[in-house]
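Below is one structure, written out as structure tokens; the observations come after it.
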2 protein chains.
Amino acid sequence: MTAEERHLRLYQEIRSRICLLDYPPGAKLGEEALAAEFGVSRTPVRRVLARLADEGLVAARHGVGTIVTDVDARELGQVYELRMELAQLAGWLSPLPITERVVTEAQDFVQRGAALAAAPAPRDFATLNMAFFDFGLGLCGNAALAEMSERLYYRTARIWLQTIPALDLAQEAAFFHDEMRQVATALEARDPRAAALIRRAHISMSYQRLAAA
Amino acid sequence: MTAEERHLRLYQEIRSRICLLDYPPGAKLGEEALAAEFGVSRTPVRRVLARLADEGLVAARHGVGTIVTDVDARELGQVYELRMELAQLAGWLSPLPITERVVTEAQDFVQRGAALAAAPAPRDFATLNMAFFDFGLGLCGNAALAEMSERLYYRTARIWLQTIPALDLAQEAAFFHDEMRQVATALEARDPRAAALIRRAHISMSYQRLAAA
DNA sequence: TGTGGCCGTGATGTACACAACATGCCGGCA
DNA sequence: TGCCGGCATGTTGTGTACATCACGGCCACA
């Protein structure tokens with residue numbers, strides 16, 4: 001395994017733990033502890049934590065520790081405002097041709113969404129949401145747009161699991177299932193712009209519910 | 001001076017050198033050489049190069065060196081497409097109130113633009129362009145949007161100086177001067193959306209001229 | 001003379017030791 | 001009893017030696 005692959009695995013693993021609240025905001029990510037867990041030295045771990053710090057997910061303070069950051073309301077609103085616009089743009093800037101395989105994947109997501117709605121669990125919800133988001137990135141032919149969208153998504157993804165206790169989990173799962181059904185319908189019609197508009201609408205509604213809670 | 005400040009200075013300095021072609025695409029950035037120049041060890045330098053690698057400005061290859069990347073035509077087009085949209089969004093998503101000081105700064109940029117048009121020089125051109133871009137970032141109240149715009153700008157900024165020999169330098173300086181005049185006029189009218197639309201228009205026209213060369 | 005393998009050289013990647021720093025505790029003193 | 005200062009402890013930041021890797025030149029051999 002090459003160095004870059006190791007870095008990517010470590011990065012995605014720790015990022016995932018932050019977004020799934022295995023490391024909640026305020027948690028201390030000890031470099032030594034992580035190094036021991038993954039069987040490497042502090043150096044590659046610091047490389048990953050530096051990247052997470054650049055992306056705003058953690059903050060390293062000398063003599064104290066590397067702390068998972070919190071998401072304040074102002075930042076959250078700004079990120080969602082921008083995410084809405086980018087989600088729509090994904091349907092207009094170089095959308096990739098919708099292949100049969102893409103449609104099949106979308107239908108598979110609908111089924112997984114149905115299973116989630118039947119037995120909702122916060123962690124499964126968040127995991128499926130991340131997977132569906134990654135699927136959406138694959139439909140975007142503009143690499144820069146996909147990169148920015150991913151960066152923004154993961155920047156605030158963790159507040160979702162933080163807010164779930166104040167929301168109706170079953171209703172949220174139903175909304176999510178509906179979103180996937182509508183997106184799948186748009187993709188079956190080979191209409192990337194419709195899919196993008198649906199995504200934008202659901203991001204908007206999701207934020208409204210988040211902000212109200 | 002704190003560690004983060006040192007990092008930021010080093011980062012901005014090296015990024016500037018890349019965008020001003022002091023380090024042209026293909027150039028090797030030796031960690032040891034940079035460390036010696038700035039009077040530090042390889043460690044902080046590697047921290048900076050890692051960030052530049054994450055942003056796509058350089059590529060570190062084990063056993064070879066850290067190389068300044070080139071910008072291919074497809075990436076350039078996608079980045080400009082997205083930058084146009086973001087430039088317009090800056091006028092709509094939380095634009096900051098336009099103070100008297102902002103107007104004064106804009107008028108100062110117009111004067112500097114006039115001086116540049118009177119005696120055009122590629123490097124001065126690029127430097128003023130970067131300064132004017134940073135000024136524009138300060139008008140955007142959406143921190144996420146400003147961050148993404150900056151990232152995208154610096155990602156392809158170097159192709160400008162690369163393409164200048166194939167363009168009409170005096171004409172480009174005149175275009176740039178016009179852009180600053182129009183933006184200043186919009187800001188004097190306290191109309192951030194007009195300023196944003198002007199920025200978008202000039203990004204679009206600038207790309208058309210770049211792509212034709 | 002052409003070619004293939006070996007090795008020197010220099011680069012980035014990793015590990016580790018030490019410096020710099022923040023925090024909390026504990027004891028002395030007013 | 002309250003407060004203040006020093007110190008122990010643990011953390012991130014830095015420096016440095018070594019491991020790993022790629023490239024290019026050189027030499028042996030066919």
Side-chain angles (χ1 to χ4, degrees), chain A residues 1-18 21-71 155 158, chain B residues 1-15 17-18 21-70 155 158:
Chain A
M1 187 192 303
T2 179
E4 187 178 343
E5 291 171 344
R6 272 195 303 262
H7 167 73
L8 195 63
R9 287 183 181 279
L10 249 177
Y11 165 74
Q12 290 176 338
E13 174 62 26
I14 296 180
R15 185 183 66 177
S16 174
R17 290 184 184 183
I18 292 174
L21 298 188
D22 293 330
Y23 301 139
K28 188 189 65 180
L29 302 189
E31 298 177 353
E32 200 109 29
L34 288 172
E37 174 182 352
F38 292 104
V40 294
S41 79
R42 280 180 55 207
T43 307
V45 172
R46 283 182 59 77
R47 167 81 174 81
V48 169
L49 292 180
R51 179 170 174 183
L52 291 170
D54 288 337
E55 296 175 352
L57 294 185
V58 303
R61 284 187 299 176
H62 190 177
V64 180
T66 301
I67 308 295
V68 177
T69 58
D70 210 335
V71 183
R155 179 149 183 163
R158 62 213 127 113
Chain B
M1 188 191 303
T2 179
E4 188 178 343
E5 291 171 343
R6 273 195 303 263
H7 167 73
L8 195 62
R9 289 183 181 280
L10 248 178
Y11 165 74
Q12 289 177 338
E13 174 61 27
I14 296 180
R15 185 182 66 176
R17 291 184 185 182
I18 292 174
L21 298 188
D22 294 328
Y23 301 140
K28 189 189 67 180
L29 303 190
E31 298 176 354
E32 201 110 28
L34 289 172
E37 175 182 351
F38 292 104
V40 295
S41 78
R42 279 180 56 207
T43 307
V45 172
R46 283 182 58 79
R47 168 80 174 81
V48 170
L49 293 181
R51 179 169 173 182
L52 290 169
D54 288 337
E55 295 175 353
L57 294 184
V58 303
R61 283 187 299 175
H62 192 180
V64 180
T66 301
I67 308 294
V68 177
T69 57
D70 211 335
R155 178 148 184 165
R158 62 213 128 117

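Below, all heavy atoms of this structure are taken into account, side chains as well, without hydrogens, waters or symmetry copies. Each chain gets a letter, A, B and so on, in the order its sequence line appears, and its residues count up from 1.
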salt_bridge(B/Glu55, B/Arg51) N-O dist < 4.0 Å: yes
Whole-Å distance separating the CD atom of A/Glu31 from the C1' atom of C/dT14: 14 Å
Sugar-phosphate, base or nothing in reach of B/Leu29, heavy atoms under 4.0 Å: sugar-phosphate
Interatomic distance, B/Leu34 CG vs C/dA11 C1' [rounded to whole Å]: 13 Å
Lys/Arg N to Asp/Glu carboxylate O, A/Arg9 vs A/Glu5, below 4.0 Å: no
Between C/dT14 (C1') and A/Met1 (CE): distance, integer Å: 15 Å
Distance, rounded to the nearest Å, where B/Glu5 contributes CD and C/dC21 contributes P: 12 Å
Separation of D/dG13 P from B/Arg47 CZ (nearest whole Å): 8 Å
Earlier contact from the 5' end, DNA chain C, for B/Val64 and A/Arg42: B/Val64
Contact under 4.0 Å: A/Thr66 side-chain N or O vs D/dT12 OP1/OP2: yes
Sugar-phosphate only, base, or nothing, as touched by A/Arg61 at under 4.0 Å among non-hydrogen atoms: sugar-phosphate
Any side-chain heavy-atom pair of A/Val48 and A/Glu13 under 4.5 Å: no
Closest to the A/Arg6 side chain, choosing from D/dT12, C/dA15, C/dG13: C/dG13
Whole-Å distance separating the NE2 atom of A/His62 from the P atom of C/dC18: 16 Å
A/Leu49 CG - D/dT12 P separation (whole Å): 8 Å
Atom pair CZ/CG of A/Arg42 and A/Leu34 - distance to nearest 0.5 Å: 11.0 Å
Check: B/Thr43 side chain, D/dG13 base, donor-acceptor under 3.5 Å: no
Nearest-Å distance for atom pair NZ/P, residues B/Lys28 and C/dT9: 16 Å
Closest non-hydrogen atom pair between A/Lys28 and A/Val64, with its separation: CD-O, 4.2 Å
